[in-house]
Colleague: 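I'd like to ask some things about the structure below.
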Amino acid sequence: IILQKYAKLGKRQKILLNFIFFQYRYSYDFPSLFSLFSKYKSLLLHPKSRCTIALKMKKIIYDKFDKHAITNLPTITFPGRIITIVSPEETGKAVNYLLESDILGVDTETRPAFKKGEQHKVALLQVSTHDTCFLFRLKYTGITSAILQLLENKEIPMIGLSLHDDILSLHKSIDFKPGHFIDLQDVVGDLGIQDQSLQKLYANLFSRKISKRQRLTNWDAPVLTEKQKTYAATDAWACINLYEEICRLKATGEYELITS
């Protein structure tokens with residue numbers, strides 16, 4: 001019944017109802033929100049109403065996002081396919097697929113070291129499109145000629161965060177000439193944002209939390225858990241979302257920076 005009523009609304013009414021639902025979805029269920037909207041829609045649709053004005057507002061972003069505010073944000077995870085690559089023979093097909101994309105998100109994971117002087121090579125290279133993420137388990141695949149082709153690719157932008165560290169770590173396994181890498185830390189300052197971490201940037205630009213609970217798990221484990229796979233894929237995919245949103249905001253100016 002609710003869906004039938006929703007279908008009969010005009011475009012402007014649907015936009016407003018969607019806005020109300022997005023703002024208050026954690027406080028009320030959809031039928032309750034719809035009832036409130038139906039009761040007060042004449043007031044809500046008035047040109048000077050707060051809801052109507054809010055639809056025209058620019059995105060609010062902060063130069064420094066409060067880390068304590070991240071805790072209560074809804075968690076975001078990668079919604080697409082995750083494909084784990086464990087043999088050298090599989091890398092060629094995976095790389096060919098990735099090189100057909102127009103943009104890629106990139107990240108790496110390394111087994112954490114808890115003892116002084118202990119070091120480990122990069123265990124995982126995750127590379128994502130908008131809907132598919134490949135997890136290259138470098139401990140088993142090594143850096144094949146196909147993976148090398150990907151890393152040295154000059155055509156497709158590969159977006160990451162703190163890429164200097166990732167590239168430096170990969171260089172410990174093989175020497176290569178880095179391709180078309182774009183570090184979010186080099187571009188986010190154009191919006192006036194000073195934060196550098198992926199979690200803070202995503203919370204700032206999308207009001208969503210990226211969980212970091214799997215960061216210090218064993219990335220050299222014989223079999224990765226589903227939580228590890230989702231964590232790895234989310235980090236790579238989030239880089240694409242952040243870069244595209246930064247570019248959009250820079251091009252349109254549709255944001256307001258709040259300085260601390």
Colleague: Between Q126 (side chain only) and A236 (backbone N and O only), is there a donor and an acceptor less than 3.5 Å apart?
Modeller: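 A pair under 3.5 Å: no.
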Colleague: Using modelled atom types and a 3.5 Å cut-off, is there a donor and acceptor pairing between side-chain atoms of R137 and backbone atoms of P222?
Modeller: yes
Colleague: Flag yes if L135 and I143 sit in one hydrophobic cluster, no otherwise; membership is Ile, Leu, Val, Met, Phe, Trp, Tyr, and two members link when side-chain heavy atoms are under 4.5 Å apart.
Modeller: no
Colleague: Do V122 and K172 have side chains that get closer than 4.5 Å, going by heavy atoms?
Modeller: no
Colleague: Quick one: list whatever passes side-chain contact (heavy atoms from CB on, under 4.5 Å) with N96, sequence neighbours left out.
Modeller: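 Not a single residue meets the side-chain contact (heavy atoms from CB on, under 4.5 Å) criterion with N96.
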Colleague: I'd like to know whether L205 forms a side-chain contact (heavy atoms from CB on, under 4.5 Å) with L249, so could you lay out the CA-CA distance, the side-chain angles of the two residues, the decisive distance to 0.1 Å, and finally the verdict.
Modeller: CA-CA 10 Å; L205 292 178; L249 293 177; 3.9 Å; yes
Colleague: My understanding is that only residues two or more places apart in sequence, or in another chain, count here; which of them pass side-chain contact (heavy atoms from CB on, under 4.5 Å) with S145?
Modeller: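 S145: no side-chain contact (heavy atoms from CB on, under 4.5 Å) contacts found.
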Colleague: Determine whether the side chains of T141 and T91 contain a donor N or O and an acceptor N or O closer than 3.5 Å.
Modeller: no
Colleague: Of all residues at least two apart in sequence or in a different chain, which pass the side-chain contact (heavy atoms from CB on, under 4.5 Å) check with Q196?
Modeller: Q185, V188
Colleague: What's the verdict on side-chain contact (heavy atoms from CB on, under 4.5 Å) for V127 and V95, showing C-alpha distance, side-chain angles and the deciding distance?
Modeller: CA-CA 9 Å; V127 187; V95 168; over 6 Å; no
Colleague: Should L124 and L138 be regarded as members of a common hydrophobic cluster, given that ILVMFWY residues are connected when their side-chain heavy atoms come within less than 4.5 Å of each other, either directly or indirectly?
Modeller: no
Colleague: Answer with yes or no whether the hydrophobic clustering places I85 together with Y140; edges join I, L, V, M, F, W, Y residues whose side-chain heavy atoms lie under 4.5 Å apart.
Modeller: no
Colleague: Would you compute the distance between atom CD1 of I210 and atom CD1 of I70 and round it to the nearest 0.5 angstrom?
Modeller: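 These two atoms lie 9.5 Å from each other.
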Colleague: Is there side-chain contact between Q214 and T225, with at least one heavy-atom pair below 4.5 Å?
Modeller: yes
Colleague: Drop me the distance from Q194's CD to D63's CG, to the nearest 0.5 angstrom.
Modeller: 5.0 Å
Colleague: With rounding to the nearest 0.5 Å, note down the distance linking CG in L73 to CZ in R208.
Modeller: 8.0 Å
Colleague: In residues 99-107, what donor-acceptor pairs under 3.5 Å come from side-chain atoms, sequence neighbours left out?
Modeller:
residue : atom : partner : partner atom : Å
S101    : OG   : I103    : N            : 3.3
S101    : OG   : I103    : O            : 2.8

Colleague: Under 3.5 Å, is there a donor-acceptor pair between the side chain of D220 and the main chain of R111?
Modeller: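 Answer holds: no.
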Colleague: Could you pull out all residues at least two apart from E245 that satisfy salt bridge (charged side-chain N to carboxylate O under 4.0 Å, His left out)?
Modeller: K59, R248
Colleague: Output, in order, the C-alpha distance, side-chain angles, deciding distance and verdict of side-chain contact (heavy atoms from CB on, under 4.5 Å) for E109 and D235.
Modeller: CA-CA 10 Å; E109 304 298 338; D235 275 8; 4.1 Å; yes
Colleague: Determine whether more than 12 heavy atoms belonging to other residues, nucleotides or ligands lie under 6.0 Å from atom OH of Y62.
Modeller: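 Atom OH in Y62 is not packed in, count stays at 12 or less.
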Colleague: Do other residues, nucleotides or ligands put more than 12 heavy atoms under 6.0 Å from the NZ atom of K93?
Modeller: no
Colleague: Report the residues that fulfil salt bridge (charged side-chain N to carboxylate O under 4.0 Å, His left out) with K250, sequence neighbours left out, ordered by chain and then residue number.
Modeller: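 In terms of salt bridge (charged side-chain N to carboxylate O under 4.0 Å, His left out), with neighbours along the sequence ignored, K250 is linked to D190.
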Colleague: Can you pull the ring pair (Phe, Tyr, Trp, His ring centres under 6.0 Å) pairs that have at least one residue in residues 210-259, sequence neighbours excluded?
Modeller: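 Every ring pair (Phe, Tyr, Trp, His ring centres under 6.0 Å) pair that includes a residue of residues 210-259, provided the two are not neighbours, is F78-W237, W219-Y231.
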Colleague: For residues 64-81, pull every pair meeting side chain to side chain donor-acceptor pair (under 3.5 Å), keeping only residues two or more places apart or in separate chains.
Modeller: R81-Y97, R81-T132
Colleague: In terms of hydrophobic clusters joined by side-chain contacts under 4.5 Å, are V86 and L224 together?
Modeller: no
Colleague: Just how far is it from atom CG of L170 to atom CG of L148, taken to the nearest 0.5 Å?
Modeller: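 Nearest 0.5 Å value for the CG-CG distance: 10.5 Å.
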Colleague: Look up atom CD1 in I60 and atom OG in S207, then write down how far apart they are to the nearest 0.5 Å.
Modeller: 10.5 Å
Colleague: Tabulate below the donor-acceptor pairs under 3.5 Å that side-chain atoms of residues 150-163 make, not counting sequence neighbours, or state none.
Modeller:
residue : atom : partner : partner atom : Å
E152    : OE2  : K177    : N            : 2.9
N153    : OD1  : E155    : N            : 2.8
N153    : OD1  : I156    : N            : 3.0
N153    : ND2  : I156    : O            : 2.8
K154    : NZ   : P178    : O            : 3.2
S162    : OG   : D165    : OD2          : 2.8

Colleague: With sequence neighbours excluded, what pairs up with K209 under the salt bridge (charged side-chain N to carboxylate O under 4.0 Å, His left out) test?
Modeller: none
Colleague: Going by ring pair (Phe, Tyr, Trp, His ring centres under 6.0 Å), name the pairs with one or both residues in residues 174-204, residues two or more places apart or in two chains.
Modeller: H171-F176, Y202-F206
Colleague: Just how far is it from atom CG of L184 to atom OG of S197, taken to the nearest 0.5 Å?
Modeller: 11.0 Å
Colleague: Got a sec, which residues hit salt bridge (charged side-chain N to carboxylate O under 4.0 Å, His left out) with K121, two or more places apart in sequence or on another chain?
Modeller: none
